[in-house]
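Some notes on the structure that comes next.
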Amino acid sequence: MNTLSSVWSWLTTAANWSGENGVWHRLAQHLFLTFACLALSALIALPVALALGHLGRGGALAVNLANIGRAVPTFAVLVLLLLTPLGRYGQWPTVIALVLFAIPPLLTNAYVGMREVDQDVVRAARGMGMTGTQLVWRVEVPLASPLILTGVRIAAVQLVATATLAALVGGGGLGRIITAGFHLASTPQVVAGAVIVAVFALLMEAAFELGQRWCAPPWARRRIR
Amino acid sequence: MTAPPPDDCLAHNDWICGEYLTTRRQILLDAVAQHIQLTVVSVALGLAIAVPLALLARRWRWTLGPVLGITTVIYTIPSLAMFSLLLPVYGLSATLVVIGLALYSLTLLVRNLLAGLDGVPVETKEAARGMGYGPMRQLLAVELPLALPAAMAGLRIATVSAVALTTVGAIVGYGGLGNLIYAGMNSFFKAQVLTASVLCVLIAVVFDLLLLGVERLLTPWRRAGRTARPRVRTAGGAVGRRPLTASGRRG
């Protein structure tokens, strides 16, 4: 097929990989955006989820947050933030949008994980005289860790997707290859960019899946899907 | 003979602007119509493929792995990349957006359908068989109705996600309200971006409520026990029901 061969020749042209608009630079931006925002959103979401889960409060909030997040278009939030005064500060609108969309999966999964801890175990731990802090760190968090890690994985894949969309509002990342291709009306570049983004997203998913297996305590490994 | 510049919210580029609603009424209605059309067609297409696929995966167990694997791969691909991958096949067309969105809904629907069918108690199936139900009648009269709540949950998630994702179709010019957001971004037209975004969320909420209503109509047996349903936080401290798909969404 003609398109396939032109996509292949785009991908094998060294000039497309180097420089400011090259694949390597865009990949580095994408990785940085993904991991920086993952760290930021985990810092915000996990303490809240652990606290709420431990206290057993705010369940409706934690569960509904995911539904609300789903109904709000990522693209709309990216553009809205761009048009606010924040839009003047370079990457900040993108970073804020990414963090906003990564919080729901982290929060919901960690919360559900904390609440699903067997209450008999919790009572036994209390009976042994554990304080609240000990209970959280030695019983609840380890038992909830498989679901917490699932949330981290979902958030990471989510971030990769959102960071791609950020290209539409001028953010850096692999999506820029695609949008530049659209501006140039170059189908080979659009498809080549899409292939790179898709492969990157799949690798990310696979990496987190593996990481999840390694991080999980031995007794929980079976349960991870 | 130039008229004095108008001194209204459009001239000030305010976020909220009544003038915008009245002067751009037709543009907004067209965009909403396109948005709803794209969403409904793609989810319907996804559903039309998902049901046979789920039944296939249940009938021949060896197909389950590949079906789940492929749907996971599809779901992992970011929307912008998905639309772009379809570009050589469909060009800059509404079909491209519909196919892309259908692929995403397909994924959610297949998983939820399978979860629903797996959730049918073995005792119920055995009772149906004992009453002389053939495989087809058992499927249609017993298993599918019992799988309906999970399937409807999937349909609601798929529809709400599709409403949000349709906006990305603006990249090929078929994004419904996304087109207005895209144009508003390029011209820094705040009222247009905010109005279109709010309308998007409204459409999603309306669809969600409509489907919830349909679900209640279709499952009258679940309404009887509704009042006795345990609250989210009970004395034992258990969370209500675990959300079916652990809160995935696509950007």
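Reminder, nothing fancy here: chain letters follow the sequence lines and each chain counts from 1. Hydrogens, waters and symmetry mates play no part in the numbers below; they use all other heavy atoms, side chains included.
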Closest approach of [X] to [Y] (non-hydrogen atoms, all atoms of both residues):
{"X": "Leu87(B)", "Y": "Thr187(A)", "result": "CD2-CG2, 4.0 Å"}
{"X": "Met185(B)", "Y": "Leu82(A)", "result": "CG-CD2, 3.9 Å"}
{"X": "Val160(B)", "Y": "Ala71(A)", "result": "CG1-CA, 3.5 Å"}
{"X": "Ala81(B)", "Y": "Ala198(A)", "result": "CB-N, 4.5 Å"}
{"X": "Pro73(A)", "Y": "Ala164(B)", "result": "CB-O, 3.6 Å"}

Problem - Summary of side chain to side chain donor-acceptor pair (under 3.5 Å) pairs that have at least one residue in residues 65-74 of chain B, sequence neighbours excluded - result: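 Applying side chain to side chain donor-acceptor pair (under 3.5 Å) to every pair that reaches into residues 65-74 of chain B, excluding sequence neighbours, yields Thr72(B)-Arg111(B).
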How about [X] and [Y]: do any of their side-chain heavy atoms sit closer than 4.5 Å?
{"X": "Phe75(A)", "Y": "Leu165(B)", "value": "no"}
{"X": "Phe83(B)", "Y": "Ile178(A)", "value": "no"}
{"X": "Val79(A)", "Y": "Tyr182(B)", "value": "no"}
{"X": "Leu80(B)", "Y": "Val197(A)", "value": "no"}

Note to self: Using only non-hydrogen atoms and a strict under-4.5 angstrom cutoff, which residues of residues 193-205 of chain B touch chain A?
What the structure shows: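 Listed by number: Val193(B), Leu194(B), Ser197(B), Cys200(B), Val201(B), Ala204(B).
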Item to check | Counterpart residues, salt bridge (charged side-chain N to carboxylate O under 4.0 Å, His left out), relative to Arg156(B) (two or more places apart) | outcome: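 Arg156(B) satisfies salt bridge (charged side-chain N to carboxylate O under 4.0 Å, His left out) with Asp208(B), Glu215(B) once adjacent residues are dropped.
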Run the side chain to side chain contact (heavy atoms under 4.5 Å, CB included) test against Ala102(A) and tell me which residues pass, sequence neighbours left out.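 Ala102(A): side chain to side chain contact (heavy atoms under 4.5 Å, CB included) contacts with Ser41(A), Ala155(A), Leu159(A).
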message = With rounding to the nearest 0.5 angstrom, report the CG to OG distance, Leu83(A) to Ser187(B).
response =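 Going from the CG atom of Leu83(A) to the OG atom of Ser187(B) covers 8.5 Å.
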